[in-house]
Amino acid sequence: MHHDHPSDAPAVLAPRPRPELMELPEYRAGRPAPVVRGLAPLKLSSNESTHDLDEATRSELLAGFEFNRYPDPLTTELRASISERTGVPVDRIVTESGSLGALRLLLDVIVPRVGERADVVYPWRSFEAYPILTEVAGARGVAVPLGPAGANDLEAMAAAITDRTAAVLICTPNNPTGPVVTSAAFDRFMRSVPSDVLVVVDEAYSEFVDDPGALDGLSAFRAYPNVAVMRTFSKAYGLAGLRVGYAVVAPVIAAAMWRVRPTFAVTALAEHAAVRALDDRAGLAARVAEVRAGRRAVLEALRAAGESPADSQSNFVWFEPEDPGGFEERASAAAISVRRLGSGIRITIGDAAATERVLDVISRERAAMR
Ligand SMILES: Cc1ncc(COP(=O)(O)O)c(C=O)c1O
């Protein structure tokens, strides 16, 4: 008998991936914007910035770029620049390919590989990569439902900690819902967290926060030796395509991360663009102000349409319409892709023009309900 498909083959020994990985939910990226004649496509499904680099910056970055050379493995210039802006010493800053890369690296060095399988506690619904990175690191995921307002439920997360817990992931503002953890709630939480459990504060969207009571990850890092912070250039800095982010961790953890970090994880182009982005404070302030204004307008419009959106402090809004499929379709008809997750819709807030188009879809939604 002739076998030309592997599944027809008799049982022979062959390399196999770890079976538990095949049980994982697949990471689905946000869809591109649909093509609609006469309308510019608008992708609002992945919480990226709608602002791209201007032509001058673009040519400047490329002009001096050596495509033939490996990058600086330590990203010395970028870490110095982050250190200058944040006051965090450079020996506590580890850059990676996006904050996704940094989080993966961090879990790899924190989750013990001997003895019983360790736990990683994370909020749910939250960033879709958490269950995947947890499993890849060899830990068991403990998903703790969000509180009623859509923020991480720190009391329930504290209660989920056992002597098997290696790390707790906190997402503030939480993706996809948007609310923050307050510093008061975080301080209460930390009182019940054992000092050998790492608390990872994922601040991918921190630049968009304007609530004075919100937790500031770097203050928490200074106050507690077992806190780590994850940050990214993908969102407010508008460099999602270049893949650069970083972890702020205790020096002993940073040293372990540098030992296993893929040597050239951050390209020189990404490093230079990130340094420039940090220097352009006015640009950041303008983008953030535009997103905050858009967020207010979209939240208001959703409330006026009878929806109950979560109180977002981020560059997206989340609501659970009666007919999420219908909303997604109406957005598609306007050449806009949004993100549908379970019973909810997440819309990224972009520049003023993007907001105008979103408001238009919401007002049509209102009409459709009448
Ligand atoms: C909460 C959160 N953390 C981390 C990331 C990863 O971003 P990046 O790897 O681009 O830095 C995202 C991206 O959507 C996110 O929502």
Side-chain angles (χ1 to χ4, degrees), residues 26-55 57-58 97-100 125-129 173-178 204-205 207-208 232-245 270 273 277 283-284 286-299 301-302 307 309-310 312-321 324-342 344-365:
E26 252 176 89
Y27 183 92
R28 293 166 303 133
R31 288 190 300 111
V35 176
V36 177
R37 194 189 288 259
L39 288 174
L42 182 55
K43 180 172 185 251
L44 299 178
S45 57
S46 293
N47 298 343
E48 302 137 310
S49 175
T50 53
H51 292 266
D52 201 353
L53 290 184
D54 57 81
E55 283 305 326
T57 309
R58 201 182 273 268
S97 164
S99 55
L100 199 56
R125 180 173 287 276
S126 191
F127 183 35
E128 299 217 323
N174 186 64
N175 175 12
T177 49
Y205 303 97
E207 293 83 1
F208 302 110
T232 183
F233 289 94
S234 296
K235 309 298 178 180
Y237 290 99
L239 299 176
L242 281 174
R243 314 301 307 127
V244 53
L284 175 70
R287 289 190 300 272
V288 166
E290 202 170 16
V291 165
R292 286 176 181 165
R295 175 174 80 202
R296 277 194 297 275
V298 171
L299 286 174
L302 284 170
E307 303 291 349
S312 176
Q313 281 282 297
S314 195
N315 70 336
F316 51 83
V317 298
W318 167 263
F319 65 110
E320 298 184 50
F327 186 90
E328 198 181 19
E329 264 168 45
R330 273 182 284 279
S332 281
I336 299 173
S337 62
V338 297
R339 190 77 197 259
R340 188 173 160 195
L341 294 157
I345 295 278
R346 189 192 68 195
I347 310 175
T348 303
I349 303 296
D351 57 15
T355 294
E356 217 168 285
R357 286 177 59 184
V358 169
L359 293 176
D360 197 45
V361 172
I362 295 171
S363 69
R364 257 179 270 157
E365 181 74 4

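Summarising the geometry, atom CG belonging to L42 is positioned 9.0 Å from atom OG1 belonging to T355; distances are rounded to the nearest 0.5 Å. For the atom pair E48 CD and T50 OG1, the distance stands at 10.0 Å (nearest 0.5 Å). The CZ atom of R28 sits 10.0 Å away from atom CZ of R340, with the distance rounded to the nearest 0.5 Å. Annotation: the span from F208 atom CZ to N47 atom CG amounts to 8.5 Å, rounded to 0.5 Å. Residue R287 holds its CZ atom at 12.5 Å from CZ of R292, rounded to the nearest 0.5 Å. Note that the OG atom of S49 and the CD1 atom of I349 stand 12.5 Å from one another [nearest 0.5 Å].
Contact between A301 and L359 at its shortest, heavy atoms only, is CB-CD2, 3.6 Å. Across all non-hydrogen atoms, the minimal contact from P173 to G178 is CB-O, 3.1 Å. Nearest heavy-atom pair, A33 versus P41, reported as atom, atom and distance to 0.1 Å: CB-CB, 3.6 Å. In this structure, R243 and S234 approach most closely via the heavy-atom pair NH1-OG, 3.4 Å. The two residues L242 and A273 come nearest to each other via the heavy atoms CD1-CB, 3.4 Å. A pairwise comparison of heavy atoms in T348 and S46 identifies OG1-N, 3.8 Å as the closest pair.
A heavy-atom distance below 4.5 Å is not found between the side chains of T232 and L100. Using a 4.5 Å cut-off on side-chain heavy atoms (C-beta onward), H51 and D351 make contact. Looking at heavy atoms from C-beta onward, L341 lies in side-chain contact with E128 at the 4.5 angstrom threshold. F327 places a side-chain heavy atom less than 4.5 Å from the side chain of V361.
Without hydrogens or angle criteria, E290 side chain to A352 main chain gives a donor-acceptor distance under 3.5 Å. A donor-acceptor pair under 3.5 Å links the side-chain atoms of R357 to the main chain of A334, judged by distance alone. When atom types are taken as modelled, the side chain of R295 and the backbone of V317 share no donor-acceptor pair closer than 3.5 angstrom. Panel note: side chain S99, backbone G245; no donor-acceptor pair is recorded below 3.5 Å.
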- Message: Please determine whether side chain to side chain contact (heavy atoms under 4.5 Å, CB included) holds for the pair L39 and I336, giving the CA-CA distance in whole Å, both sets of side-chain angles, and the decisive distance to 0.1 Å.
- Response: CA-CA 9 Å; L39 288 174; I336 299 173; over 6 Å; no
- Query: Checking side chain to side chain contact (heavy atoms under 4.5 Å, CB included) for the pair L44/F316: CA distance, chi angles, key distance, verdict?
  - Reply: CA-CA 9 Å; L44 299 178; F316 51 83; over 6 Å; no
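If you check the side chains of N175 and R346, you find a donor sitting under 3.5 Å from an acceptor.
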